[in-house]
Amino acid sequence: MKKIYLLLLLFLISICGFAQSRYISATTKKIVYTRDGGVCQCCGSSNRLEYDHIMPFSCGGSSDASNIQLLCMSCNRSKSNSCDCNIHHKRVGVNCCDSKTIKKRESTTSQQCFGTTKKGARCKKKTTNSNGRCYLHQ
């Protein structure tokens, strides 16, 4: 009798695990591709497109067509687990779970340092200083 309950419990757990899946079906992909016109919904590019969850999957977003959008690889990687594309400074998501990070980003705008390295390349550090230079190039 215990084995039957155990098997039933395992079966129910497996069903629950598949109900909340990040897998996007081929049908959903076709619907989203047609709806979005085959271009990135942030920058309009048609290269290296990926299917992105508008509300991040990790925050409870589903894999339904209504929650999927096309983004190019750059915009999708920039968005990560937030609502904003950091490359184009556009909002491409909704109801993101990490609102504390977003508020923090809005209050402090950082930019790439204008200083140059010893090799003559532009410094890759970020700065919030008004002069546009990081602590190394003050």
What closest approach, in Å, do V32 and L70 show between heavy atoms, and which atom pair accounts for it?
CG1-N, 4.2 Å
Check whether any side-chain N or O of N67 sits under 3.5 Å from a backbone N or O of S62 as a donor-acceptor pair, and report yes or no.
yes
Approximate separation, where rounding is to 0.5 Å, of Y23 OH and S63 OG
10.0 Å
What is the minimum heavy-atom distance between D84 and R91, and which atoms define it?
OD1-NH1, 3.2 Å
Shared hydrophobic cluster, I68 / I31 (ILVMFWY, side-chain heavy atoms < 4.5 Å)
no
Just verifying a value: how many Å separate C42 SG and H88 NE2, rounded to the nearest 0.5 Å?
5.5 Å
Closest heavy-atom pair, S25 versus T28, reported as atoms and distance to 0.1 Å, is OG-OG1, 2.9 Å
Mind checking the CZ-CG spacing from R77 to D52? Nearest 0.5 Å is all I need.
10.0 Å
Closest approach of C72 and C40, non-hydrogen atoms and distance?
N-SG, 3.3 Å
Kindly say whether N86 contributes a backbone atom to a donor-acceptor pair with the side chain of S78 at under 3.5 angstrom?
yes
Taking side-chain hydrogen bond (donor to acceptor under 3.5 Å, both in side chains) as the cut-off, I'd like each qualifying pair that reaches into residues 31-42, sequence neighbours left out, listed once.
none
Write down the atom of G38, the atom of S46, and the distance for their closest heavy-atom approach.
O-CB, 3.7 Å
So which heavy atom on R48 is nearest to which on S74, and how close?
NH2-OG, 4.5 Å
L71 and I24: same hydrophobic cluster, using ILVMFWY side-chain contacts below 4.5 Å?
no
